[in-house]
There are 2 protein chains.
Amino acid sequence: MELSNRQQRMYDFIRSFTEENQYPPTIREIGEAAEISSTSVVNYNLNKLVEAGLIERNKEVSRGIRLQDAMARILPGRNIPILGHIAAGQPITVFPESVEAADTLDLAVDVVSRHEGVYALRVQGDSMIDALVDSGDLVILNAQNTANNGDMVAAWLPEREETTLKYFFREGNSVRLQPANASYEPIVLPASQVEIHGKVIAIVRRLD
Amino acid sequence: MELSNRQQRMYDFIRSFTEENQYPPTIREIGEAAEISSTSVVNYNLNKLVEAGLIERNKEVSRGIRLQDAMARILPGRNIPILGHIAAGQPITVFPESVEAADTLDLAVDVVSRHEGVYALRVQGDSMIDALVDSGDLVILNAQNTANNGDMVAAWLPEREETTLKYFFREGNSVRLQPANASYEPIVLPASQVEIHGKVIAIVRRLD
DNA sequence: ATTTGACTAGAACACTCGTTCGTGTTACAA
DNA sequence: TTGTAACACGAACGAGTGTTCTAGTCAAAT
């Protein structure tokens with residue numbers, strides 16, 4: 001579809017206005033900028049821009065215009081829910097998903113873009129201290145139910161109703177959950193008694 | 001300034017709503033989300049958020065709310081340049097700012113919003129290993145030329161033309177730069193020979 | 001006990017804004 | 001010419017929306 005002169009002018013204005021003001025213009029603001037006296041004309045051409053796939057409109061909503069391709073550029077990272085804490089020392093009985101997301105961590109597209117179902121947990125305890133994961137750190141996890149040997153994972157132990165952060169090792173029909181702290185013993189269980197809930201893909205520690 | 005529970009809730013909603021819809025919410029939409037029946041209360045707390053510097057408002061304009069750090073979203077702010085590496089072991093002679101930003105780390109407003117001039121450095125060496133900062137980690141720094149005792153800082157040593165990552169301690173007219181590794185000795189220099197270039201506010205480690 | 005300040009409520013007002021409708025204009029084909 | 005389709009115009013309607021006013025609650029200070 002080809003854009004008329006007017007439509008091009010309107011589209012350009014919407015772009016620059018949105019970039020400048022952080023919110024889209026109204027129909028009348030567009031009309032003024034494009035020297036169109038009638039709001040219905042703006043409305044008409046706005047629908048043409050929708051047909052052309054350049055914008056989206058939310059009906060009956062003021063400034064309900066969304067630039068279609070600018071989304072990826074302006075829309076940044078994702079809000080990763082911090083679901084709760086995870087045990088790195090003595091396992092705790094609170095399962096992360098039962099905790100309401102109280103806080104959010106805004107993380108980067110670069111870090112999480114390739115993953116689906118990313119979430120974060122705050123570490124409690126020092127069982128992974130030798131892996132340089134301290135109590136209080138945030139671990140960013142990719143939700144998945146399998147893991148490779150050596151992955152740092154969040155494992156759910158149904159028998160104990162515990163979630164714990166450990167290194168994962170498959171040994172025949174068993175699974176060894178290995179802490180990174182000499183003072184803790186590895187947990188060895190039949191594979192059927194271990195559910196992998198996520199693999200750690202990043203660690204974030206705030207100092208301030 | 002401290003945010004009340006309500007104000008925090010409103011702010012969070014404005015953030016998520018704006019991210020999702022590409023335009024800011026109305027007063028009533030905010031009220032509904034924060035369970036506030038009165039628009040005047042929303043208006044009142046909105047002004048508090050302005051005072052707190054979290055948002056800007058355009059008066060008499062629908063949806064005239066601008067997230068203050070939104071600029072950081074479109075412009076570089078949110079894209080933290082990874083300027084280069086920083087020595088945590090043997091100091092290296094490459095000064096971070098002379099290195100072209102080759103990669104970027106997309107970090108969160110939550111983590112960096114309150115800071116100006118945030119940048120990241122990739123750690124080389126193991127001198128801060130006892131502080132759980134490993135070689136290869138990214139340290140997120142706030143650009144500043146002063147520091148408090150105990151802060152982890154990036155220090156530029158003009159005499160040696162070195163930048164190094166250490167704990168900062170002021171001792172009279174001297175400055176002690178303390179590694180977190182028993183195998184390394186602290187560096188003690190006259191304060192005039194130490195330039196603080198930034199304080200570490202976060203640490204990010206990617207595992208994948 | 002009184003006052004002050006911070007905060008909340010509800011209602012009313014006036015302007016904003018998307019929508020719709022009737023009408024006009026122009027270009028092009030039959 | 002006639003008809004049709006695309007496009008434009010202006011006005012009016014009604015819901016959306018920011019603002020303002022009065023009043024109330026509560027805790028801390030006087």
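Sequence lines set the chain letters: A, B, ... in the order given, protein chains first and strands last, and positions in each chain run from 1. All values derive from a computational prediction rather than experimental measurement.
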Next on the checklist: Heavy-atom nearest nucleotide on DNA chain C for Gly64(A) versus Tyr44(B): which residue maps closer to 5'?
Outcome noted: Tyr44(B)

Item to check | Derivation of the side chain to side chain contact (heavy atoms under 4.5 Å, CB included) call for Leu46(B) and Ile55(B) | outcome: CA-CA 8 Å; Leu46(B) 230 33; Ile55(B) 61 173; 3.9 Å; yes

Item to check | Whole-Å distance separating the CD1 atom of Ile65(B) from the P atom of dG16(D) | outcome: 18 Å

Checklist entry - Using a heavy-atom distance cut-off of less than 4.0 Å, which residues of residues 26-41 of chain B contact DNA chain D? => result Thr26(B), Ile27(B), Arg28(B), Thr39(B), Ser40(B)

Checklist entry - Listed by chain and number, what are the salt bridge (Lys or Arg N to Asp or Glu O under 4.0 Å) partners of Arg28(A), not counting sequence neighbours? => result none

Next on the checklist: Using whole Å, what does the distance between atom P of nucleotide dA8(D) and atom CZ of Arg9(A) come to?
Outcome noted: 12 Å

Next on the checklist: Going by the rule side chain to side chain contact (heavy atoms under 4.5 Å, CB included), which residues pair with Glu32(A) if we only count those two or more places apart in sequence or in a different chain?
Outcome noted: none

Next on the checklist: List the residues meeting salt bridge (Lys or Arg N to Asp or Glu O under 4.0 Å) with Glu185(A), not counting sequence neighbours, and say none if there are none.
Outcome noted: none

Item to check | Outermost nucleotides of DNA chain C that come under 4.0 Å of a non-hydrogen atom of chain A | outcome: dC17(C) to dC21(C)

Next on the checklist: Measure CD/Glu51(A) against C1'/dA5(D) and give the value in whole Å, please.
Outcome noted: 14 Å

Item to check | Partners passing side-chain hydrogen bond (donor to acceptor under 3.5 Å, both in side chains) against Asp151(B) (at least two apart in sequence or in another chain) | outcome: none

Checklist entry - Tyr23(B) has an atom OH; how far is it from atom P of dT17(D), in whole Å? => result 9 Å

Checklist entry - Rounded to whole angstroms, how far apart are CG on Asn43(A) and P on dA6(D)? => result 17 Å

Checklist entry - Across the strands shown, which category fits Asn45(B) at heavy-atom distances under 4.0 angstrom: base, sugar-phosphate, nothing? => result sugar-phosphate

Checklist entry - Given that Val61(B) and Arg6(B) both sit by DNA chain C, which one's nearest nucleotide is further toward the 5' end? => result Arg6(B)

Next on the checklist: Applying side chain to side chain contact (heavy atoms under 4.5 Å, CB included), can you list everything that pairs with Ser38(A), at least two apart in sequence or on another chain?
Outcome noted: Ser40(A), Val41(A)

Checklist outcome for this item: Sorted by chain and residue number, the side chain to side chain contact (heavy atoms under 4.5 Å, CB included) partners of Val61(A) (sequence neighbours excluded) come out as Asn58(A), Tyr23(B), Arg63(B)

Checklist entry - Roughly how many Å is it from CG in Asn5(A) to C1' in dC7(D), rounded to a whole number? => result 14 Å

Checklist entry - Given the rule in the side chain to side chain contact (heavy atoms under 4.5 Å, CB included) test, do Arg205(A) and Leu132(B) qualify, once you have shown the distances and angles that lead to the verdict? => result CA-CA 10 Å; Arg205(A) 183 183 312 137; Leu132(B) 305 179; 3.4 Å; yes

Item to check | Rounded interatomic separation in angstrom, taking CD from Glu60(B) and C1' from dT19(D) | outcome: 7 Å

Next on the checklist: Going by ring pair (Phe, Tyr, Trp, His ring centres under 6.0 Å), name the residues that satisfy it together with Phe13(B), two or more places apart in sequence or in a different chain.
Outcome noted: Phe17(B)

